[in-house]
Amino acid sequence: MTWSRLIRFIDDAGRTVFGEPCIEAASDLTANLERGELYALELKGDDPFALSDPGEKLHVSRLVGVLTPNDVPIVKCIGLNYMKHIAEGGRKPPPYPSLFIKDSSTIAGFDEDVPIHPIAQGKNLDYEGELAVVIGKTGKNISKENALEYIAGYAPSNDVSARTWQRDPAYAGGVPQWCFAKGFDKFAPIGPMLVSPSVVGAADNLQLQTFVNGEERQNTNTDDLLFNVRAIVSFLSQGSTLQKGTVIMTGTPAGVAMGMKEPKYLKNGDLVEVKIEHLGSCKNHMVYESVESQ
């Protein structure tokens, strides 16, 4: 990659462009933007994984989602991957990473509303703050030692989940079903910036926090991961091509609503923030939608 941090933004001329933000730390991104003092070096191109070297310095008028569904062929998600989360769910650690899939239509921007379809309303809506890994070049049979070479960057993300559809036998059947419960449009918001391994290495010592309406719900370091980033990338590529643009959501730590004695499930209008040290945060309102028959 030609960048260490990547954003997509609208400049003062109204163009939507990629750029390397002129910041020293992730916290500078929103702070500088709010002051009207955020600048970025333009990276020319339409493909976030094949951009030019940094060029002209531009003023950032507004940030937009760094990835769109068109940039992402698939979202691969790892379940049961933080030791404390496994314990709160009463499960045993899996012997290998446990995979489920989200469609690219689940990708949402860092500040977009997450629409909750009527079929998911009142169905124990939950948050899952996660470290997202974005693959920067296509690979297969990748070794753990070489895994970071295939990673474009990391970002905070939220694996929004309708637990009733996931776990209630009246809806999911006898075996928990993950793809439908977690696969609604925009159920995978991702932070405003990709941060390269050149900045945070294997992302194996980052503090992850999730807030609901300002109340802290999750607070765990990525060193609690059962399968770390290198292991996940290697495993998912064995005998299966890992395509450029693939987003890998690496699992959620303890603190989800489902694990509480008195679950605090999400309601219409709730604001969920997932914040990861050195990566920034995504903040998304859950918004019930009404749908007319088509």
*Asks:* Has Lys57 got its NZ or CZ under 6.0 Å from the middle of the six-membered ring of Tyr39, at an angle within 45 degrees of the ring axis?
*Replies:* yes
*Asks:* Going by atom types only, do Thr252 and Glu128 share a side-chain donor-acceptor pair under 3.5 Å?
*Replies:* no
*Asks:* Just by distance, with hydrogens left out, do Thr68 and Asn70 show a side-chain donor and acceptor under 3.5 Å apart?
*Replies:* no
*Asks:* Do you reckon Tyr154 sits in the same ILVMFWY cluster as Tyr150, going by side-chain contacts under 4.5 Å, direct or chained?
*Replies:* yes
*Asks:* Does the side chain of Lys182 come under 3.5 Å of the side chain of Ser161 through a donor N or O and an acceptor N or O?
*Replies:* yes
*Asks:* Tell me, yes or no, whether the heavy-atom count around Lys137 atom NZ, taken from other residues, nucleotides or ligands under 6.0 Å, exceeds 12.
*Replies:* yes
*Asks:* Is there a continuous path of hydrophobic side-chain contacts, each under 4.5 Å between heavy atoms, that joins Val75 to Phe184?
*Replies:* no
*Asks:* Check the orientation of Trp178 and Phe100. Use parallel for under 30°, tilted for 30 to 60°, and perpendicular for over 60°.
*Replies:* perpendicular
*Asks:* Is the NZ or CZ atom of Lys244 both under 6.0 Å from the centre of the six-membered ring of Phe49 and within 45° of that ring's axis?
*Replies:* no
*Asks:* Between the side chains of Ser281 and Glu273, does any donor sit under 3.5 Å from an acceptor?
*Replies:* yes
*Asks:* When you group the ILVMFWY residues by side-chain heavy-atom contacts below 4.5 Å and let the links chain together, are Val195 and Leu131 in the same group?
*Replies:* yes
*Asks:* I'd like to know if Ile78 and Val247 are part of one continuous hydrophobic network [Ile/Leu/Val/Met/Phe/Trp/Tyr, side-chain heavy atoms within less than 4.5 Å].
*Replies:* no
*Asks:* For Lys123, does the NZ atom sit with more than 12 other heavy atoms under 6.0 Å from it, leaving out its own atoms?
*Replies:* yes
*Asks:* Looking at Pro192, Ser196, Pro48, Pro21, which one forms a side-chain contact (heavy atoms from CB on, under 4.5 Å) with Leu6?
*Replies:* Pro48
*Asks:* Under a 3.5 Å cutoff, is there a donor and acceptor pairing between the side chains of Gln177 and Gln166?
*Replies:* no
*Asks:* Membership question, hydrophobic clusters at under 4.5 Å side-chain separation (ILVMFWY): are Ile232 and Leu208 in the same one?
*Replies:* yes
*Asks:* Count the heavy atoms of every other residue, nucleotide or ligand shown that sit under 6.0 Å from NZ of Lys283, and state whether that count exceeds 12.
*Replies:* no
